[in-house]
Amino acid sequence: MKILLAATVPLALAGCSQPFEPPLAAPLIRAADPMTARAAPAGPAVTHTSRAIEAPGDWRQLNDAQAPGGSS
């Protein structure tokens with residue numbers, strides 16, 4: 001019985017209080033204003049080089065050149 005009473009008292013007191021009203025978020029209002037919006041800057045130019053599909057080549061020379069003591 002004491003546990004039930006201890007659980008209901010805070011709920012009853014919370015029901016009698018005024019509801020919480022969060023403060024007005026001025027930065028969010030400014031961000032939502034379409035008059036302050038501006039275009040994003042142009043991004044970097046991206047180019048595409050088309051290459052044909054071919055069979056894998058011999059990688060031994062490249063691996064030997066990059067190995068420690070190689071001719072890289």
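Keep in mind that the numbers below use all heavy atoms, side chains included, and drop hydrogens, waters and symmetry copies. In this text the structure is predicted, and so the values were computed from the model without any measurement.
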Run through the side-chain heavy atoms of Ile, Leu, Val, Met, Phe, Trp and Tyr, join any pair under 4.5 Å, and report what else lands in Leu62's cluster.
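Via sub-4.5 Å side-chain contacts, Leu62 links to Trp59.
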Let me have the donor-acceptor pairs involving side chains of residues 20-29, under 3.5 Å, with sequence neighbours excluded, atom names and distances please.
none

Determine whether more than 12 heavy atoms belonging to other residues, nucleotides or ligands lie under 6.0 Å from atom CD1 of Ile3.
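Not buried by this count: 12 neighbours or fewer within 6.0 Å.
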Contacts table for residues 37-53: side-chain donor-acceptor under 3.5 angstrom, sequence neighbours left out:
none

